[in-house]
Amino acid sequence: MTAACNVVVLISGTGSNLQALIDHINAGENPACIGAVIANRADAIGLQRAAAAGIATQVLDHKNYADREAFDAALIEAIDARQPQLVVLAGFMRILSAGFVRHYRGRLLNIHPSLLPKHKGLHTHQRALEAGDSEHGCSVHFVTEELDGGPVVAQARIPVRSSDTAESLAQRVHAQEHLIYPLAVRWFAEGRLQLGDNGAQLDGQNLPATGWQFSN
Ligand code: GRF
């Protein structure tokens with residue numbers, strides 16, 4: 001059975017993952033519905049993508065708030081006004097406070113451009129190269145208080161080639177992000193994905209620590 005799922009997407013930039021989700025929904029492959037896109041920057045290109053798709057947009061500029069707690073409180077208020085079942089971080093470049101993360105426990109997803117638990121934080125493509133990794137990729141995970149440390153839902157892997165640069169890796173990883181993120185949102189919207197006591201669960205079964213492995 002398909003559960004209705006209203007999603008709020010948070011962005012800071014280009015919004016290509018947002019676009020992939022919009023396209024998945026419009027193709028009839030995803031029962032989720034994006035109720036609003038919220039950005040912390042008025043110049044986030046993703047806002048134009050949302051508007052073009054007829055999705056409500058809102059800007060909450062973090063610079064207008066005294067501190068992280070004040071911004072996060074305003075963000076919670078803006079999100080909750082939309083009553084979403086799921087909040088999707090899609091290139092939202094703000095560290096979220098523990099209170100924010102706890103408020104959305106089990107209904108907050110992020111995509112990170114590395115094979116978690118490797119390369120948490122920034123500059124993941126360069127770090128994968130410097131570490132001499134033979135493979136690289138991306139991970140969808142539930143967000144918990146540990147930065148980029150929440151239970152992994154799904155991963156996609158790519159081989160690292162000797163000719164790769166951070167840019168070429170970023171490009172190929174991005175293409176994989178656009179496949180696994182909409183899929184994870186679909187699972188959630190279908191009521192198949194949840195955060196259990198021992199990590200992410202799909203269809204009631206615990207997923208491995210590295211999540212469901214996507215192959216294409
Ligand atoms: C992606 O690389 C994602 O992994 C990271 O932020 C980037 C967002 O890209 N969390 P886009 O704005 O969706 O194009």
Side-chain angles (χ1 to χ4, degrees), residues 7-26 30 32 34 36-53 55 57-62 75 86-96 100-101 104 108-129 133 135-144 146-158 160 164-186 188 210-214 216:
V7 178
V8 167
V9 182
L10 304 187
I11 61 166
S12 298
T14 313
S16 69
N17 279 285
L18 165 68
Q19 188 66 56
L21 182 56
I22 291 170
D23 293 346
H24 206 232
I25 292 168
N26 287 347
N30 198 316
I34 304 176
V37 171
I38 301 176
N40 66 315
R41 300 173 55 113
D43 62 354
I45 305 283
L47 289 170
Q48 296 169 28
R49 299 178 187 269
I55 298 168
T57 62
Q58 191 172 346
V59 176
L60 248 72
D61 189 336
H62 58 276
L75 192 55
L86 177 66
V87 179
V88 165
L89 305 178
F92 188 63
M93 301 305 285
R94 298 286 306 162
I95 291 176
L96 296 162
F100 182 98
V101 170
Y104 295 107
L108 182 59
L109 290 176
N110 183 41
I111 187 149
H112 183 77
S114 79
L115 295 173
L116 290 172
K118 277 189 173 179
H119 311 311
K120 296 174 180 175
L122 298 174
H123 311 301
T124 58
H125 310 301
Q126 186 59 37
R127 285 161 59 206
L129 283 177
D133 293 351
E135 57 176 8
H136 184 44
C138 51
S139 310
V140 176
H141 65 96
F142 278 107
V143 178
T144 60
E146 190 195 339
L147 185 66
D148 299 328
V152 176
V153 171
Q155 283 185 338
R157 294 167 186 270
I158 58 162
V160 177
D164 266 321
T165 61
E167 290 70 32
S168 68
L169 280 180
Q171 205 173 9
R172 296 208 320 282
V173 167
H174 240 116
Q176 299 297 309
E177 293 182 19
H178 300 160
L179 300 175
I180 63 170
Y181 212 4
L183 193 59
V185 171
R186 172 184 169 172
F188 193 96
T210 48
W212 185 84
Q213 298 295 303
F214 181 76
N216 57 2

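Counting begins at 1 with the first residue of the sequence. Whatever order the structure lists ligands and atoms in, that order sets their numbers, starting from 1. We use all heavy atoms of the structure for the numbers below, so side chains are in, but hydrogens, waters and symmetry mates are not. Owing to the predicted nature of the structure, the values given are computational and were not obtained by experimental measurement.
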TODO: May I ask you to test the Leu10-Val87 pair for a side-chain heavy-atom distance under 4.5 Å?
DONE: yes
Open item on the list: As a test of reading the model: which residues have a non-hydrogen atom less than 4.0 Å away from ligand 1?
Closed with: Thr14, Gly15, Ser16, Asn17, Gly91, Ile111, His112, Pro113, His174, Glu177
Open item on the list: In the structure I gave you, are the side-chain heavy atoms of Gln171 and Glu167 within less than 4.5 Å of one another anywhere?
Closed with: no
TODO: Flag the pair Val88 / Tyr181 as yes when at least one side-chain heavy-atom distance between them is below 4.5 Å, and no otherwise.
DONE: yes
Task: For Asn26, side-chain hydrogen bond (donor to acceptor under 3.5 Å, both in side chains) partners two or more places apart - done: none
TODO: Measure from the side-chain N and O atoms of Ser139 to the backbone N and O of Ser114, and report whether any donor-acceptor pair falls under 3.5 Å.
DONE: yes
Task: Atom pair CG/CG of Leu21 and Asn30 - distance to nearest 0.5 Å - done: 6.0 Å
